[in-house]
> 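First, the structure itself, so that you have it in front of you.
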There are 2 protein chains.
Amino acid sequence: MKNRIKELREQKGLTQEQLGTLIGASRQAVNAIEAEKFEPSIWIAYDIAKVFDCAIEEIFLFEESIRKSRAECSRREHNGHSRDSR
Amino acid sequence: MKNRIKELREQKGLTQEQLGTLIGASRQAVNAIEAEKFEPSIWIAYDIAKVFDCAIEEIFLFEESIRKSRAECSRREHNGHSRDSR
DNA sequence: CTAAAATGTCAAGTTAACATGACATTTACT
DNA sequence: AGTAAATGTCATGTTAACTTGACATTTTAG
């Protein structure tokens, strides 16, 4: 998803590795999230937001993002029962 | 993690299943997240927040929550190199 | 009380978010 | 140019956040 990590990180003069250390995550995880390779877990999102003293929504731009994982793709044809089937 | 889903959901007169449908998730997922069985993905957290017209942090109470998953547990003994080792 | 709706919970399977390690490429400095 | 730091990226493995399906328990309403 779209995010402002790189912008804010450089503003603070942090490397990806340093940011990773600050939030207790790997350098590669920071890199991948920053590069929009995958979605952050909610805790990592929160930790990053805290480093930059922001709300999660100010860093991760949900509205402008394309949702790849759930909530689309499947769960499209097999609706109509919805009930647990008892 | 601690959250105010039940409170807000009932305030709106929604069932777990209805909330699940609104955010495109299963009833069981809503139940488990509400009961703090597991952490929501960031998209589910966002969708729930939007249903209740709140910020994520107003619904999921990070500060009061115990972090079970990452950022503790491992990554404690094997520090000191930090660099990729080349 | 009784039936239905809501909720709780378990099993099994899938998927993606991580971790670690390794190597390649780019950036920055002297 | 040369070198070190920073970044990009790939492979492999683990784990937890989901899914569907099924059944048990609790709550609600007539």
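First the proteins, then the strands, lettered A, B, ... as listed; each starts at 1.
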> How long is the line joining CD of Glu10(A) and P of dA6(D), in whole Å?
13 Å
> Rounded to whole Å, how long is the line connecting atom CZ of Arg67(A) with atom C1' of dC18(D)?
14 Å
> Below 3.5 Å, does any donor atom in the side chain of Glu34(B) face an acceptor in the base of dG8(C), or the other way round?
no
> Tell me whether the side-chain N or O atoms of Arg27(A) pair up with the base of dG8(D) as donor and acceptor below 3.5 Å, since no angle test is needed here.
yes
> Report for the helix from dC1(C)-dG30(D) to dT30(C)-dA1(D): angle between first-end and last-end helix axes, five pairs each, rounded to 10 degrees.
60°
> In whole Å, what is the span from the CD atom of Glu17(B) to the C1' atom of dA6(C)?
9 Å
> Counting side-chain heavy atoms from CB outward, which of dC18(D), dC18(C), dT7(D) is closest to Gln16(A)?
dT7(D)
> To the nearest angstrom, how far is Glu39(A) atom CD from dT15(C) atom P?
16 Å
> What integer distance in Å separates Ile44(A):CD1 from dA16(C):P?
17 Å
> Identify the heavy atoms of Glu57(A) and Glu57(B) that sit nearest to each other, and give their distance.
OE1-OE1, 3.4 Å
> Using atom CG of Asn31(A) as one end and atom C1' of dA5(D) as the other, report the distance to the nearest whole Å.
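Distance check: Asn31(A) CG to dA5(D) C1' gives 15 Å.
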> Grab the OH-P distance between Tyr46(B) and dA17(D) for me, whole Å please.
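Checked: the OH to P distance equals 22 Å.
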> Within the pair Arg9(B) and dT7(C), is there a side-chain N or O less than 4.0 Å away from OP1 or OP2?
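Checking dT7(C) against Arg9(B), a side-chain N or O does come within under 4.0 Å of OP1 or OP2.
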> Output yes when at least one side-chain N/O atom of Ser26(B) is less than 4.0 Å from OP1 or OP2 of dT19(D), else no.
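The answer is yes; a side-chain N or O of Ser26(B) sits under 4.0 Å from OP1 or OP2.
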> For dA17(C), does either OP1 or OP2 sit under 4.0 Å from a side-chain N or O belonging to Ser41(A)?
no
> Which of these, Arg9(B), Arg4(B), Lys6(B), sits in a salt bridge (Lys or Arg N to Asp or Glu O under 4.0 Å) with Glu34(B)?
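When Arg9(B), Arg4(B), Lys6(B) are each tested with Glu34(B), the salt bridge (Lys or Arg N to Asp or Glu O under 4.0 Å) holds only for Arg9(B).
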> On a heavy-atom basis, which atom in Ile42(A) and which in Ala45(B) lie closest, and how many Å separate them?
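Shortest heavy-atom contact: CD1-CB, 3.4 Å.
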> What is the minimum heavy-atom distance between Ile5(B) and Asn3(B), and which atoms define it?
N-OD1, 2.9 Å
> When you measure from the side chain of Gln28(B), which nucleotide among dA22(C), dA17(C), dT9(C) comes out closest?
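So the nucleotide nearest the side chain must be dT9(C).
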> Check the distance between dT9(D)'s P and Glu36(A)'s CD and give it to me in whole angstrom.
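From Glu36(A) CD to dT9(D) P: 12 Å.
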